[in-house]
Structure formats: C-alpha cells, structure tokens
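The figures that follow rest on heavy atoms only: side chains count, while hydrogens, waters and symmetry mates do not. Proteins come first, then strands; the chains are lettered A, B, ... in the order of their sequence lines, and each starts at number 1. Computed from a predicted model, the values in this text were never measured in an experiment.
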2 protein chains.
Amino acid sequence: MTTEELILQAARKVFTQKGMDGSRMQEIADEAGINKALLHYYFRSKEKLFEKIFAEGLKQLLPKVQLSIEKSEGICDFVHYFIGNYLDLIKELPYLPHFVLHEINRDPTIIVNIIKGQGLPFALLQSLIDKDVAAGKIKPIQLEHLMVNMVSMVLFPVIARPIIQSVLFGNDENKFNDFLEERKSVLIPFVLLAIGAKTN
Amino acid sequence: MTTEELILQAARKVFTQKGMDGSRMQEIADEAGINKALLHYYFRSKEKLFEKIFAEGLKQLLPKVQLSIEKSEGICDFVHYFIGNYLDLIKELPYLPHFVLHEINRDPTIIVNIIKGQGLPFALLQSLIDKDVAAGKIKPIQLEHLMVNMVSMVLFPVIARPIIQSVLFGNDENKFNDFLEERKSVLIPFVLLAIGAKTN
DNA sequence: GTCTATAACCGGATAGAC
DNA sequence: GTCTATCCGGTTATAGAC
C-alpha cells in the first residue's frame, strides 16, 4: 500500500471520529505510522486533506438515492427503495451521518455543493406523489415533509446512538444492534401507513 | 445584569454556535464585553464553563417530556403533547439540538447522566401503548421505535437545517421557517396515522 | 472585581539533511 | 520520499497591578 493511501486511510479514521476541529495532524501521522511532515508533503494542508476525505464519503451516498428515484414507479416504491437502500448503506458506513452532521456548522457549502452537483430529480418525485394522490392510492403530503421525515428516521438513530443505546437499552450494544436491524421492517410500514397507503 | 450572567449569556451564544472545540475564550470575552482573564476568574477553565452551559440547556428540555407523559391518558395524547411541546421548545432554543449532537462524540456520559437523572417513566408509556393496543385503538408498535421516530423527526430538521434549507428550499430562509412552522400540523397526523390511530 | 501583560503550551506548517 | 528539528501563530491560563 502506498504512503498516500496509508495517509488517506488514517485520515479517514481520525477525521470521521473527531471531525475537523477535534482531529490532530499528529494523530493522523501516528495512525498512519509516518510523521507529520509527510502529511503536508502529500496534502498541502489539514484543510485540503479534510475536504478530500469528506467529499469521498458523501459521494458514496448520493448515487444510491438517485437510483432509488429512477427505479420507482410510484411513491410507495420509492419509500421502499429509499429507506431500504439508505439503511443498508448506513450499516456499511455508520460513521458517515455523524461526519456530515459534525461539519454542517463549520462549512455547509462543501456538503451542499456535492449534493447539488448530483442534481437529484425532485420534480420527478413530486410527479410520483401527484399521480398516486390523484389515483387515491395515498393521502396528499408535501414532498419536503416526506423526505425530511424519512431521512430523519433513518439517520438520527445512528447519529444519536450513544444516547439512545444508553437511555433506552441500558447501554447494551447487542440490543441496540438488534434495534437497528429491525428499523427496515418497522420504518417502511410506518411511513406507508402514515401516507395512507395500503400495507401488504 | 451581573458580570457572571453576562459571561454565561455570551458563552451560551458562542458555544452553541461553534461547539466546545470551535469556540474561543477570546470570542466569548468580546461577546460579553469583558476580557479573557475574567472568564477564568469566574469559571476556572473553558471546560468548566462549557459544561455549565451544556447542562443548563438540557435541563430545560426534560421536564417538558416528563409532563407530556404524566398528562397523557392514552398513547395518542402522548404523541400529541410530546411532538407539540418538543417542537415548541425547539423553536425557543434552536441551538439545543445542535449543541447536544455536537457533544455526543466528545463525551456522551454528560448528556446521558442528565437524562437518566430525570428518571423518565418509560414503563408508564409502555402501559399506555399496551392498553390502547388491547382496546383496538392502535396497531402494535414497540415503544423504542415510536420514541426514536418522533424524536428523529422533531430534531433532525433543526440539526440539518443548513443542508435542508439549501437543497430543498433554494437557501430561502423564509421558506425554511414556514416549513418548520408546518411541522406540528404535519407530524402529529403523520405519526397518528402511522400507528393506526383514527385521525380526527 | 477588573484590568494588562505574559507565561506556558499546543498544533499546523516549513526548512533542510539524507 | 522520508525524516528531524524548528518556527510561528494562536489559545488557555495565570501573575500581578489597580
């Protein structure tokens, strides 16, 4: 493995755990088994290294959302795919939500630019809703509220894990993991019922 | 207003915007219109000042939750009170969710201890659910999922505000505020429907 | 109690040898 | 490319005058 990859791997670990402010170049160097000077040799500054890691993480998420939209024939399909795919990805990259949230205050433009760069087709989603409402399949709901509700319920448990695990599950890690496993089968019917769709 | 209160007010503002790591004692001093040394005179260290502010905010939240539980005769009452009160408080203290999230990584025990100190009566809530399920008023749902769902949908929009505002509302502050205003009237029926309760 | 001045320290960045 | 040594700015914290 090249030194550059070694550094990136170390940076990923440290940055995702402690955020930009909380991370130290020394710690990244130690984690990579090299010295501070090399970090600056490969990536001019801490800021540059950080943005590299940050963008890299976020770019894994968006194509999945894109795909969920394109595959869907009705809004219920979308609810299904979106929650399912999103939860699967979070299971693979549990650090990501925290990472994104951590940096929202510091500089939201980085995140926003990446999201906007993806060009998510919200208009297409809106038309799915309109069609299903007209067909009497669901109750009217604003796209914005539906999206925010779904994303909230998917991301928040992972973000607030330490608190939830401790307060609701007596800090039992296994119980919390079971809880996360259940989310998919709980959330999809929860949302479908909430928008007035028939559950199967 | 005493100097101590002046400092606390300034610290509240700075800490809640930038978190522990991102805040500077100098900035707090400037905000309070005094000098750095006085901060240390009144509150020995940055750490101590921070914890003071943090606990203070969190302690405003919990009694409201407590009250929501005690007032409720069925789980639908609770959904109503909980979401309503929670959203009202968030409107008053929009910094709080961010603040809490920011500190989850640093040291969750502070938060967890405060929450546990309140001694929320989850068993009572569970009995409300059981009763209403038995009476056929709602579909069975696990208390843990219901609670997490509600808290997620209340808190997340405020936490992720910069992203949501930009991506969904073209960075129009007024549109986002309207969106937040609608949350109460959207969320309560959303959750009630999701648990299979009759909407009025 | 409040200030100015400064100590003590830390962390990002650079110089320069190899 | 990789290292050691060092600089330099910024931040917390303290000393000491008023």
Side-chain angles (χ1 to χ4, degrees), chain A residues 1-57 95 98-100 102-111, chain B residues 1-57 95 98-99 102-107 109-111:
Chain A
M1 187 179 289
T2 69
T3 303
E4 183 164 346
E5 281 164 352
L6 222 58
I7 292 175
L8 283 172
Q9 193 178 308
R12 205 172 291 132
K13 180 167 176 185
V14 176
F15 276 139
T16 52
Q17 278 173 11
K18 315 204 169 177
M20 168 71 177
D21 291 336
S23 299
R24 299 287 158 253
M25 293 297 262
Q26 185 60 58
E27 192 176 353
I28 296 173
D30 292 347
E31 182 71 35
I34 48 104
N35 65 69
K36 267 198 305 179
L38 263 195
L39 298 181
H40 292 279
Y41 175 78
Y42 281 97
F43 309 87
R44 230 170 62 208
S45 68
K46 184 185 180 183
E47 185 81 21
K48 292 244 187 275
L49 178 56
F50 176 80
E51 286 186 13
K52 192 119 190 169
I53 297 294
F54 191 62
E56 167 205 275
Y95 68 85
H98 225 133
F99 195 26
V100 174
H102 203 284
E103 302 312 319
I104 281 183
N105 257 346
R106 242 181 42 88
D107 187 2
T109 60
I110 305 176
I111 309 170
Chain B
M1 189 179 286
T2 69
T3 303
E4 183 164 345
E5 281 164 352
L6 223 56
I7 293 175
L8 283 172
Q9 191 178 310
R12 206 171 290 132
K13 179 168 176 184
V14 175
F15 276 139
T16 52
Q17 277 172 11
K18 315 206 169 175
M20 167 73 177
D21 291 335
S23 299
R24 299 289 158 253
M25 293 295 262
Q26 184 61 60
E27 193 176 351
I28 296 173
D30 292 347
E31 181 72 36
I34 49 103
N35 66 70
K36 272 195 304 180
L38 264 195
L39 299 181
H40 291 278
Y41 175 77
Y42 279 97
F43 309 87
R44 229 173 58 210
S45 69
K46 184 185 181 184
E47 183 82 22
K48 292 246 186 276
L49 177 55
F50 177 80
E51 287 186 13
K52 192 116 189 172
I53 298 293
F54 188 60
E56 166 204 276
Y95 66 84
H98 226 131
F99 198 23
H102 201 285
E103 299 316 314
I104 283 182
N105 257 346
R106 249 177 40 88
D107 187 2
T109 57
I110 303 177
I111 309 171

Contact check, side chains of B:K18 and B:K13, non-hydrogen atoms, under 4.5 Å: no
Side-chain heavy atoms of B:Q9 within contact of B:E31, under 4.5 Å: no
Quick one: pull up [atom1] in [X] and [atom2] in [Y] and give me the separation to the nearest 0.5 Å.
| X | Y | atom1 | atom2 | value |
| --- | --- | --- | --- | --- |
| A:M20 | A:E51 | CE | CD | 8.5 Å |
| B:Q26 | B:L39 | CD | CG | 8.5 Å |
| A:D30 | A:E27 | CG | CD | 7.5 Å |

Segment of DNA chain C, first to last nucleotide, that comes within the 4.0 Å heavy-atom reach of chain B: C:dG1 to C:dT4
Pairwise ring-ring contact (aromatic ring centres under 6.0 Å, His included) hits with a residue in residues 8-44 of chain B, at least two apart: B:F15-B:F50
Using atom [atom1] of [X] as one end and atom [atom2] of [N] as the other, report the distance to the nearest whole Å.
| X | N | atom1 | atom2 | answer |
| --- | --- | --- | --- | --- |
| B:D21 | D:dT11 | CG | C1' | 13 Å |
| A:R24 | D:dT11 | CZ | P | 12 Å |
| B:N35 | D:dT11 | CG | P | 16 Å |

Sidechain-backbone polar pair: A:K52 side chain, A:L8 backbone, donor-acceptor under 3.5 Å: no
Touch class at under 4.0 angstrom, heavy-atom based, for B:T2 against every strand present: nothing
Heavy-atom pair with the smallest gap, counting every atom of B:G22 and A:D21: CA-OD2, 3.8 Å
Stretch residues 38-46 of chain B: residues that reach within less than 4.0 Å of DNA chain C through a heavy atom: B:L38, B:Y41, B:Y42
